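Not measured: the values here are computed from a predicted model.
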Protein chains: 2
Amino acid sequence: MRKEQSTNFANEQFLFQVCELNSAIAMISGRWKSQIVYSISQGNNRFHLLQQELPNISETVLARQLKELETHAILIKQEIPNSVPLGIQYVLTNKGLDLVPILESLCDWGKMYAEGKEISSYSIS
Amino acid sequence: MRKEQSTNFANEQFLFQVCELNSAIAMISGRWKSQIVYSISQGNNRFHLLQQELPNISETVLARQLKELETHAILIKQEIPNSVPLGIQYVLTNKGLDLVPILESLCDWGKMYAEGKEISSYSIS
DNA sequence: ACAATAACTAACAAAATTGTTAGTCTTTAA
DNA sequence: TTAAAGACTAACAATTTTGTTAGTTATTGT
């Protein structure tokens, strides 16, 4: 439960209004969120497929992360037509699809500067 | 204090090893971090300048965020040569500099899909 | 000598996130 | 008819993050 009278909440709101960067970061910074978005973009678009990809996530936590991504309109939940039993799939919205290449650059950035791979040099200005 | 025997810690480690994306996200997802990186890239490279930019941050919290960014080699702390009194500036490393355009795309993405800025003003249950 | 500024730190408290336990509902296969 | 799979939810506990309080050190302006 968010406490809307807290300093924490006020500071979050302040940053949201300073720059959309901060709301963007807030939307993708949950423990499993960006990995879920990336996995869905790779075709793992069902609850049980995501569970297979992320064997350490509990059902409760996965459901919660998916709901938050849905709240931020990064994905939508869809019934799979003509499926018996009725299946549910998670589909990235345009917003979610546009996020994927950014996650890929973050991934590349992470790889480039991963422990031990860092070529060197601090910039001195 | 991190509890290295916790599920939370184990899950974080798991994600780090799934993809560098997750360590990248972890490095930039503190409350003020990406805004600090962006502010420094705009020239606000001193403690008191950052405080002016972010009037709601406390000294303790700012110092902590800066130290974490330093730990992740996104910036370094430097004494300003020939300054009296000795001043300290924060300088982005190559890693930090390479992060800036990614933060800019995140910002653009946030702006493009901004709809009702109440993103976290309701609780997700 | 004394207050002010810059740049911090440790210890603690408040709040938020993440994980666990124990359920639900619907459909299908044995 | 019973069990299993898929897709969840509420309530609670553990852990982590964020914010607060009360200091420190060094230097400078008055």
Side-chain angles (χ1 to χ4, degrees), chain A residues 1-15 22 25-33 35-36 44-52 54-71 77-80 82-90, chain B residues 1-15 22 25-33 35-36 44-52 54-71 75 77-80 83-90 120-125:
Chain A
M1 267 297 169
R2 283 252 157 76
K3 300 215 168 172
E4 305 203 355
Q5 77 288 4
S6 68
T7 303
N8 187 302
F9 181 80
N11 284 346
E12 189 178 50
Q13 295 298 309
F14 167 78
L15 283 170
N22 297 295
I25 294 278
M27 283 185 249
I28 63 172
S29 59
R31 164 69 82 245
W32 306 86
K33 287 213 187 94
Q35 190 59 48
I36 288 171
N44 296 90
N45 62 342
R46 307 234 5 211
F47 199 91
H48 65 278
L49 294 176
L50 288 165
Q51 278 185 291
Q52 280 164 33
L54 306 169
N56 302 297
I57 199 172
S58 74
E59 292 174 54
T60 312
V61 171
L62 177 54
R64 196 157 56 203
Q65 300 287 308
L66 285 167
K67 178 166 261 188
E68 286 174 21
L69 288 166
E70 203 187 354
T71 297
K77 200 170 13 173
Q78 258 183 7
E79 296 182 351
I80 301 173
N82 308 319
S83 58
V84 176
L86 185 64
I88 286 173
Q89 64 183 351
Y90 298 93
Chain B
M1 269 297 169
R2 280 253 157 77
K3 299 212 167 173
E4 305 204 354
Q5 77 288 5
S6 68
T7 303
N8 187 303
F9 181 80
N11 284 347
E12 189 178 49
Q13 295 299 308
F14 168 78
L15 283 169
N22 298 295
I25 294 278
M27 283 185 249
I28 62 173
S29 59
R31 163 71 82 247
W32 305 87
K33 286 211 189 96
Q35 189 60 50
I36 288 170
N44 296 90
N45 63 342
R46 307 237 3 214
F47 199 92
H48 65 278
L49 294 176
L50 289 165
Q51 279 184 291
Q52 280 164 32
L54 306 170
N56 302 296
I57 201 172
S58 73
E59 291 173 56
T60 312
V61 171
L62 177 54
R64 195 157 54 204
Q65 300 287 308
L66 285 167
K67 178 165 261 188
E68 286 174 23
L69 289 166
E70 202 187 355
T71 297
L75 53 79
K77 199 169 18 169
Q78 260 183 6
E79 295 181 352
I80 301 173
S83 57
V84 176
L86 187 64
I88 285 174
Q89 64 183 353
Y90 298 93
S120 83
S121 63
Y122 46 88
S123 53
I124 298 152
S125 59

| request: If a protein heavy atom is under 4.0 Å from the base, mark B; if only from the sugar-phosphate, S; if neither, -; do that for nucleotides 24-29 of chain C going 5' to 3'. | output: ---SS-

| remark: Scoring nucleotides 20-25 of chain D by protein non-hydrogen atoms under 4.0 Å (B base, S sugar-phosphate only, - none) yields BBB---

To the nearest Å, how far apart are [X] [atom1] and [N] [atom2]?
X: A:F9; N: C:dA15; atom1: CZ; atom2: C1'; result: 13 Å
X: B:E12; N: D:dT16; atom1: CD; atom2: C1'; result: 10 Å
X: A:L66; N: D:dT9; atom1: CG; atom2: P; result: 10 Å
X: B:M1; N: D:dT18; atom1: CE; atom2: P; result: 17 Å
X: A:R2; N: C:dT18; atom1: CZ; atom2: P; result: 11 Å
X: A:L15; N: D:dT17; atom1: CG; atom2: P; result: 17 Å
X: A:K77; N: D:dA7; atom1: NZ; atom2: P; result: 10 Å
X: B:I25; N: D:dT16; atom1: CD1; atom2: C1'; result: 18 Å

| message | Between the side chains of B:E59 and B:R64, is the shortest nitrogen-to-carboxylate-oxygen separation below 4.0 Å, so that they form an ion pair? | response |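 Looking at B:E59 together with B:R64, the answer is no, because their closest N to O distance does not fall below 4.0 Å.
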
So, does [X] get its side chain near the phosphate of [N], meaning an N or O under 4.0 Å from OP1 or OP2?
X: B:W32; N: D:dT17; value: no
X: B:R46; N: C:dA6; value: no
X: A:S6; N: C:dA16; value: yes
X: A:H48; N: D:dA7; value: yes

| request: Only one of B:Q78, B:K77, B:E79 passes side-chain hydrogen bond (donor to acceptor under 3.5 Å, both in side chains) with B:Q89; say which it is. | output: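 So, applying the side-chain hydrogen bond (donor to acceptor under 3.5 Å, both in side chains) to B:Q89 and each of B:Q78, B:K77, B:E79, only B:Q78 qualifies.
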
| task | Please confirm whether the backbone N or O of B:I88 pairs with a side-chain atom of B:R46, one donor and one acceptor, at under 3.5 Å? | result |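 Side chain of B:R46 to backbone of B:I88: a pair is present.
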
| Within the structure shown, what part of the strands sits under 4.0 Å from B:K67 by heavy-atom distance: base, sugar-phosphate, or nothing? |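 If one applies the 4.0 Å heavy-atom cut-off, B:K67 turns out to touch the sugar-phosphate alone, with no base involved.
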
| task | Just call it for A:G30: base, sugar-phosphate, or nothing, with non-hydrogen atoms closer than 4.0 Å on any strand. | result |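 Touches sugar-phosphate only.
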
| message | Under a plain distance cut-off of 3.5 Å, with no hydrogens placed, do A:N22 and B:R31 share a side-chain donor-acceptor pair? | response |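 The criterion, which ignores hydrogens and geometry beyond distance, is not satisfied for A:N22 and B:R31.
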
| So which one's nearest nucleotide on DNA chain C is more toward 5', B:F47 or A:N8? |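 The residue mapped nearer the 5' terminus is B:F47.
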
| task | Run the numbers on B:I80 and B:L86 for side chain to side chain contact (heavy atoms under 4.5 Å, CB included), then give the verdict. | result | CA-CA 7 Å; B:I80 301 173; B:L86 187 64; 5.9 Å; no

